[in-house]
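These notes concern the structure reproduced below.
Everything quoted here is computed from the prediction, not taken from an experiment.
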Amino acid sequence: MSNNSSLFLYFIGGSKGGVGKSILSMLLADFLTKSKERKIILVESDTSNPDVGKTFTHNDDVEVISLSLDNADGWIELVNYSEANKKDIVINSAARSGEAVEKFGGTLIGSLEELHRDLISFWVINRQRDSIELLKKYMDVVPGELHVVRNTFYGEPQKFELFNNSKTKVEAEKRGATIDFPDLADRVTDDLYSKRLSIAKAAEEMPLGNRAELKRWRSIGWKMFEDIGIGNSTTQKQEKSSKKSEQS
């Protein structure tokens with residue numbers, strides 16, 4: 001899906017709560033604002049536990065809005081907000097987001113061409129079968145670029161055997177890449193959430209050892225996004241995709 005536009009809408013989805021959607025959303029927002037120097041909108045759709053939104057409350061580069069995407073009104077508001085603003089949008093979805101997308105996602109999908117936005121999805125998985133089943137359901141509903149994120153908190157990439165050996169992986173990689181999200185030490189993750197720190201702020205304020213671990217993780221994460229062309233213009237992404245096709 002391409003609308004000849006440099007505006008993107010990033011949807012962060014996954015299986016059940018706790019799979020890693022929030023920390024991935026935080027890292028993507030950090031990458032777009034600090035590495036790509038863009039101002040973005042963060043849609044916090046986990047209205048019952050808006051951890052990600054709270055970390056960016058006093059950040060000039062990130063405008064945070066709260067929308068419930070469990071009902072039709074929330075999706076309508078998302079489309080209207082996307083039309084009224086000329087910034088990239090990152091959506092941190094709530095648990096069971098796949099069900100809401102299946103019911104109401106057509107409102108957004110049917111509006112993308114008029115919005116002049118490209119939709120890029122990240123689907124975070126663990127090693128359980130339901131991750132693959134929910135990914136397949138999402139792929140059946142949502143078109144466009146999609147990257148499957150193996151959260152290595154749950155083990156090294158080779159341990160994701162159910163996904164690695166599945167037909168779903170083959171189909172998903174026709175639309176994007178399988179990427180490996182680096183694990184971050186628990187004590188640093190806990191500090192990010194408990195103190196409501198953005199990654200950029202934490203990289204300045206945490207004790208030295210914590211900062212070193214955070215910067216190690218951040219560097220790997222930024223490279224992960226860079227390698228798949230996140231933050232590039234539509235034209236740059238098309239050129240990269242064309243070169244990849246020629247090489248294969």
Side-chain angles (χ1 to χ4, degrees), residues 8-33 40-56 62 64-70 74-75 78 88-102 104-105 108 119-139 141-142 144-155 160 163 168 172 176-184 186 188-190 192-194 196-199 217-218 220-222 224-225 228 230:
F8 294 94
L9 194 155
Y10 301 97
F11 183 90
I12 316 297
S15 51
K16 60 188 67 175
V19 75
K21 296 186 296 292
S22 292
I23 193 70
L24 180 65
S25 297
M26 289 174 64
L27 184 59
L28 177 58
D30 177 70
F31 173 75
L32 292 172
T33 56
I40 67 167
I41 295 166
L42 174 71
V43 176
E44 177 59 272
S45 68
D46 190 350
T47 54
S48 63
N49 191 28
D51 286 333
V52 180
K54 290 176 180 177
T55 65
F56 291 105
V62 182
V64 179
I65 63 170
S66 179
L67 287 178
S68 172
L69 298 181
D70 292 329
W75 289 89
L78 175 60
D88 286 345
I89 297 176
V90 175
I91 301 172
N92 176 44
S93 70
R96 301 181 305 279
S97 59
E99 297 174 16
V101 170
E102 191 172 355
F104 310 114
L108 173 64
L119 174 64
I120 298 178
S121 301
F122 291 90
W123 194 265
V124 190
I125 64 171
N126 56 27
R127 293 162 55 192
Q128 298 176 358
R129 185 174 298 278
D130 65 350
S131 275
I132 304 171
E133 293 171 349
L134 291 169
L135 167 61
K136 180 64 169 63
K137 288 183 179 180
Y138 183 84
M139 290 169 58
V141 175
V142 180
E145 184 174 338
L146 178 143
H147 303 287
V148 181
V149 184
R150 292 181 293 210
N151 187 349
T152 62
F153 170 82
Y154 296 102
F160 287 71
F163 173 71
T168 302
T178 298
I179 58 179
D180 297 316
F181 187 55
D183 187 23
L184 177 64
D186 289 346
V188 181
T189 305
D190 292 345
L192 288 174
Y193 287 121
S194 64
R196 296 178 181 173
L197 295 171
S198 69
I199 293 168
W217 172 82
R218 185 194 208 187
I220 297 171
W222 279 17
M224 176 187 74
F225 290 130
I228 57 175
I230 299 303

Can you find a pair of side-chain heavy atoms, one from Asn126 and one from Phe153, that are under 4.5 Å apart? no
Please assess Val62 against Thr55 for the test side-chain contact (heavy atoms from CB on, under 4.5 Å), listing each intermediate value before the final yes or no. CA-CA 10 Å; Val62 182; Thr55 65; over 6 Å; no
Going by the rule side-chain contact (heavy atoms from CB on, under 4.5 Å), which residues pair with Ser25 if we only count those two or more places apart in sequence or in a different chain? Ile12, Val52, Asn92
Look at atom NZ of Lys54 and say whether more than 12 heavy atoms of other residues, nucleotides or ligands are closer to it than 6.0 Å. yes
How long is the span from the OG atom in Ser131 to the CZ atom in Arg150, to the nearest 0.5 Å? 12.5 Å
Looking at Phe8, is its backbone amide N or carbonyl O close enough to the side chain of Asp88 to form a donor-acceptor pair, meaning the two atoms are under 3.5 Å apart? yes
State which residue, out of Asp180, Thr178, Val124, fulfils the side-chain contact (heavy atoms from CB on, under 4.5 Å) condition with Val149. Val124
Please find the pair of heavy atoms, one from Pro182 and one from Gly221, that lie closest to each other, and give the distance. CG-N, 4.1 Å
Any side-chain heavy atom of Tyr154 within less than 4.5 Å of one from Ile125? no
Kindly compute the distance separating CZ (Arg218) from CD1 (Ile199), expressed to the nearest 0.5 Å. 7.0 Å
Considering only heavy atoms from C-beta outward, does the side chain of Tyr10 approach that of Leu32 to under 4.5 Å? yes
Quick one: does Phe122's side chain get under 4.5 Å of Leu24's, heavy atoms only? yes
Distance check, rounded to the nearest 0.5 Å: Thr168 atom OG1 versus Leu134 atom CG? 11.0 Å
Which heavy atom in Ala94 sits nearest to a heavy atom in Ser45, and how many Å separate them? N-OG, 3.2 Å
Within the 4.5 Å heavy-atom criterion, are Tyr193 and Met26 side-chain neighbours or not? yes
Heavy-atom pair with the smallest gap, counting every atom of Asp70 and Phe104: O-CE1, 3.3 Å
Can you tell me how far the CD1 atom of Ile228 sits from the CD1 atom of Ile179, to the nearest 0.5 Å? 4.0 Å
For residues Ile40 and Thr33, report the shortest heavy-atom separation together with the two atoms involved. CG1-CG2, 3.9 Å
Distance, nearest 0.5 Å, that separates CG of Asp51 from CG of Leu192: 10.5 Å
What are the two closest non-hydrogen atoms of Trp75 and Ala100, and how far apart are they? NE1-O, 4.1 Å
Aromatic centroids of Tyr138 and Phe11 separated by under 6.0 Å: yes
Once rounded to the nearest 0.5 Å, what's the spacing between atom CG of Asn151 and atom NZ of Lys21? 10.5 Å
Nearest heavy-atom approach of Val142 to Ser121 is CG1-OG, 4.0 Å
Exam field: side chain Thr152 to backbone Phe181, donor-acceptor pair closer than 3.5 Å: yes
Candidate list Leu9, Leu28, Ile230, test side-chain contact (heavy atoms from CB on, under 4.5 Å), partner Ile120, passing option: Ile230
Any side-chain heavy-atom pair of Leu27 and Trp217 under 4.5 Å: yes
